[in-house]
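Encoded as structure tokens, the structure appears first; notes follow it.
Computed over heavy atoms, backbone and side chain alike; hydrogens, waters and symmetry mates excluded.
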Amino acid sequence: MAQLIPGALVQVSGTYEEANAQTSLVIEVGEAVEILGRVSVDGPAQLLRREGPQWLALSFAGQLIRVDQPRPLNAVDDFVLGPGSNSEVLADAMASQLIMDGYCESRALNLRSEVEAMISATESLGYVRYLDFSRIPAEFEPYYLGVESKEKHALIDLEEASEELIRIFQDEDTRLTRLMDGITPVLRSELGSRITGRTNLMVRQTFSTVEEEKAFQATEPGSGERETFMSLVKRRRVCMMHFLGPRTGTLKLLPRADRPEITIEATPGKLVMFLTERFRLLGQRPEYVMQGFGGDMSASASSSGGERCASPEGHNASRVSRESGRCAGYDLNVYYMDVDNMEAQAEGKAYTAHQKHQRRVAPQKAMFRACRGAVGRAFASERFTQRLGQLLGPESNRWWRRLEGKKTLPGLSATAKAKDLELRFERLGNVNAGCVPEVVITPRGQLDLSAARALAFALAKEHISVLIWDRRGSGASSVWAPLTEASLPEQEVEDLKVLLDFVQTDRVVLVGLSSGARLSALFAAKYPSRVAGLAVLPTGDAAGAASVLAQAYYGDCREVAEQGGMEAIVATPGSQFHALAQREMQRRALLSVDVKEFVDVMLNSQVFIEGFIGEAFLGLYPEDLRQLQIPALVFHHGFKDDRLHVLEDAEEVARHLKTSLEDAADVEALQMALIAFVKSVAPAGGSGRPA
């Protein structure tokens with residue numbers, strides 16, 4: 001008999017103890033489950049973990065059971081995406097299938113209670129209505145929902161959703177985000193497609209009656225909606241659809257080239273991914289009641305092959321284009337770029353709202369070869385954080401995903417206010433624990449606090465009070481506010497002081513990753529009496545990161561603002577400011593900024609980072625590091641394909657701080673090392689709060 005291990009697929013048949021867990025993510029972290037009773041099961045299941053002589057398993061029907069002697073399952077037709085699956089291996093295999101065939105089918109395993117909750121959320125229960133369904137404008141439906149598709153939909157923004165919606169849909173959103181993160185490196189290396197994000201979760205539901213369809217009248221989009229829709233569709237690269245049931249239907253993928261149609265049986269639990277440059281979706285009013293749509297993962301592809309796309313009839317954008325002598329269409333899933341997007345548009349090679357490229361790359365295989373070869377050529381003209389792509393390889397990318405990617409529920413959220421500055425923060429764990437000082441975690445790059453939640457949650461489970469926050473210009477904090485310092489890296493230090501004063505925390509342990517390490521060390525150097533300990537994964541210049549980071553974060557913003565003012569900052573994709581400007585309040589705040597002030601700050605910030613070219617730590621010189629008389633922990637994952645965070649730089653920083661270098665290749669081991677470090681620097685009997 002084959003050896004059984006967690007994640008193995010087995011056949012079960014009989015009556016078993018049925019267990020209960022709040023979510024499938026709870027099963028992953030190994031928390032205890034409650035026994036509900038006994039249930040009859042006959043079918044396949046996935047083993048999750050050993051519990052004495054028994055196995056805890058999740059059946060394909062969503063029942064969590066304890067089994068004694070399961071039989072190994074010989075074969076399954078699809079990939080199985082369950083709580084026990086090896087996510088990295090599975091993502092690589094699914095991405096390879098996606099590249100080879102253009103689509104990939106898999107079976108997603110959910111707890112039955114999770115699926116029932118999601119389906120129930122689509123129904124109005126008395127006065128409770130969880131989802132606000134609407135209908136996409138009719139002219140958009142074929143390109144977004146599928147040819148001949150007519151459905152109602154609801155978008156779920158988990159940052160703004162109610163607590164009940166978060167409880168119901170967060171695990172589903174997490175599963176799709178993890179899958180996106182897993183396939184991204186393969187798509188980048190094989191196709192040259194850079195996946196930079198995904199849309200919000202969309203729940204789709206077919207109309208049950210003609211009367212219901214009439215109740216959801218399609219609206220006529222305005223010009224602004226058309227422009228936004230064009231921008232989304234032309235950037236779309238991958239679609240993910242998870243069919244929740246309870247009925248079964250049929251899904252058809254229509255190839256763009258001369259190939260046969262793909263017919264997929266849309267059974268409950270089926271998860272389908274497909275490349276939009278190779279397939280269109282045919283919606284045939286299938287019999288399934290509801291499906292969760294996991295978001296189109298949108299990307300600014302560094303290079304893609306192209307084919308001429310048909311233009312829909314009767315649209316204002318099409319009429320404008322015909323008058324200008326060009327044809328236009330919404331179905332802009334593939335476009336050719338061998339240069340920067342702005343240059344390509346100027347040369348007529350890329351799509352805009354009212355033009356279409358005139359180049360055609362013929363066979364699909366030749367297109368893929370051109371994509372791979374163009375990645376390096378296109379890099380020279382990339383802007384903003386796209387410049388950083390060459391500095392992170394697949395191994396280090398996977399490590400960062402393991403560290404940051406696990407979704408947890410938000411902590412207690414609040415906003416610190418000081419004059420024109422607002423700083424959003426969350427607290428996790430026992431704030432009044434009394435045994436350790438509060439820990440402040442600052443994530444890497446320009447990421448918001450959600451990138452620090454997984455690490456914060458690990459510490460909070462050990463009764464450590466943790467604070468995570470959005471720096472200015474990220475997340476829900478002020479996109480811009482008056483500065484008291486010359487540069488943003490220096491201003492962020494003062495912002496952290498404002499935050500700690502607001503929450504009345506006197507001494508803290510600072511944990512910083514990459515740019516967060518720079519901020520934490522700068523704070524420790526300026527306000528040493530307020531820092532009980534410092535734990536960092538530093539960024540240095542051993543591989544030339546200083547000049548690239550300075551240009552990506554600040555130099556490109558300065559140049560764009562000098563050429564086109566704050567309007568250009570808001571309109572130019574790629575920067576953190578453009579992303580933040582998608583919210584109207586943030587957009588107005590950016591447009592009100594004095595362009596000269598903005599340019600000066602960007603220049604000063606660029607000069608600040610470039611001042612550390614050749615140094616092991618971007619932010620402090622060796623003599624500054626040696627003067628820090630604070631307990632310190634330096635850690636590094638050890639992967640050589642990370643040229644932003646080079647092992648040699650970390651080793652040198654550790655020597656200057658007179659501490660050892662912690663091996664952080666194993667994320668769980670890193671979490672334990674941080675917990676031990678925090679507890680070791682805790683002042684006896686102190687909580688880190690002022691008396």
Side-chain angles (χ1 to χ4, degrees), residues 194 196 300 302 339-343 375-393 396-397 400 443-447 471 473-474 485-493 512-522 536-563 569 572-578 598-625 636 639-653 656:
R194 185 195 302 274
T196 58
S300 295
S302 50
V339 292
D340 173 82
N341 189 37
M342 295 177 68
E343 295 177 42
V375 173
R377 295 195 304 273
F379 179 79
S381 56
E382 289 177 341
R383 284 186 170 184
F384 308 114
T385 53
Q386 291 178 347
R387 296 178 180 273
L388 309 183
Q390 66 166 351
L391 300 178
L392 284 175
S396 53
N397 258 319
W400 284 105
R444 62 178 170 138
Q446 297 162 328
L447 300 178
R471 290 159 284 183
S474 71
E485 302 293 320
S487 71
L488 282 175
E490 296 166 297
Q491 183 61 47
E492 288 171 347
V493 173
L513 304 146
S514 192
S515 67
R518 179 183 67 237
L519 188 158
S520 300
L522 282 168
V536 294
L537 190 159
T539 302
D541 195 45
S547 58
V548 178
L549 287 167
Q551 185 65 33
Y553 288 155
Y554 308 117
D556 287 338
C557 291
R558 174 180 58 80
E559 292 170 4
V560 169
E562 287 175 336
Q563 295 170 9
I569 288 292
T572 305
S575 76
Q576 80 274 24
F577 296 112
H578 174 266
F598 183 88
V599 169
D600 288 344
V601 170
M602 292 298 115
L603 176 59
N604 292 337
S605 302
Q606 181 180 2
V607 170
F608 178 88
I609 298 297
E610 289 176 344
F612 295 92
I613 290 177
E615 301 295 341
F617 194 96
L618 304 187
L620 290 177
Y621 296 106
E623 55 270 26
D624 300 321
L625 291 169
H636 194 275
F639 296 113
K640 295 183 178 180
D641 64 350
D642 189 339
R643 289 183 284 172
L644 281 172
H645 318 93
V646 180
L647 179 60
E648 289 77 5
D649 284 330
E651 290 172 339
E652 184 174 340
V653 171
H656 292 317

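- Closest heavy-atom contact between Gly393 and Ser396: O-OG, 3.2 Å.
- Considering only heavy atoms from C-beta on, Leu620 stays 4.5 Å or farther from His656 through its side chain.
- When each of Ser487, Ser575, Pro489 is paired with Tyr554, the side chain to side chain contact (heavy atoms under 4.5 Å, CB included) condition holds for Pro489 and for no other.
- Residue Asn397 holds its CG atom at 7.5 Å from CG of Asp641, rounded to the nearest 0.5 Å.
- Under the 4.5 Å side-chain criterion, counting only non-hydrogen atoms from C-beta, Leu644 is in contact with Leu392.
- With sequence neighbours excluded, no residue satisfies side chain to side chain donor-acceptor pair (under 3.5 Å) with Glu615.
- Aromatic ring orientation, His645 versus Trp400: tilted (interplanar angle from 30° to 60°).
- At least one donor-acceptor pair closer than 3.5 Å links the side chain of Ser520 to the backbone N or O of Gly516.
- Atom CD of Gln606 sits about 11.5 Å away from atom CG of Leu549, to the nearest 0.5 Å.
- Scanning both residues, Ala546 and Asp541, for their nearest heavy atoms gives N-OD1, 2.8 Å.
- Judged as a ring-ring contact (aromatic ring centres under 6.0 Å, His included), and not counting sequence neighbours, His636 has no contacts.
- Side-chain contact between Thr572 and His578 is absent, with no heavy-atom pair separated by less than 4.5 Å.
- In summary, the aromatic rings of Tyr621 and Phe617 are positioned with their centroids too far apart to meet the 6.0 Å limit.
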Q.
Quick one, Phe577 with Phe598, criterion ring-ring contact (aromatic ring centres under 6.0 Å, His included). Give me CA distance, side-chain angles, the key distance, then yes/no.
A. CA-CA 12 Å; Phe577 296 112; Phe598 183 88; 5.3 Å; yes
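- Under the 4.5 Å side-chain criterion, counting only non-hydrogen atoms from C-beta, Cys557 is in contact with Ile569.
- When all heavy atoms are compared, the tightest approach of Ala650 to Pro538 is CA-CG, 4.0 Å.
- Contact check for Thr539 versus Asp649: no side-chain heavy atoms found under the 4.5 Å cut-off.
- Shortest non-hydrogen contact noted between Gly445 and Arg471 is O-NH2, 3.2 Å.
- Gln551 contributes atom CD, which lies 4.5 Å from atom CD of Glu559 (distance to the nearest 0.5 angstrom).
- The two residues Ser515 and Pro443 make their nearest non-hydrogen contact at OG-O, 3.8 Å.
- Rounded to the nearest 0.5 angstrom, Glu492 CD and Glu485 CD are separated by 11.5 Å.
- Leu488 places a side-chain heavy atom less than 4.5 Å from the side chain of Met602.
- The distance from atom CG of Leu447 to atom CD of Gln576, rounded to the nearest 0.5 Å, is 11.0 Å.
- Looking at every heavy atom in both residues, Ala545 comes nearest to Arg643 through CB-O, 3.9 Å.
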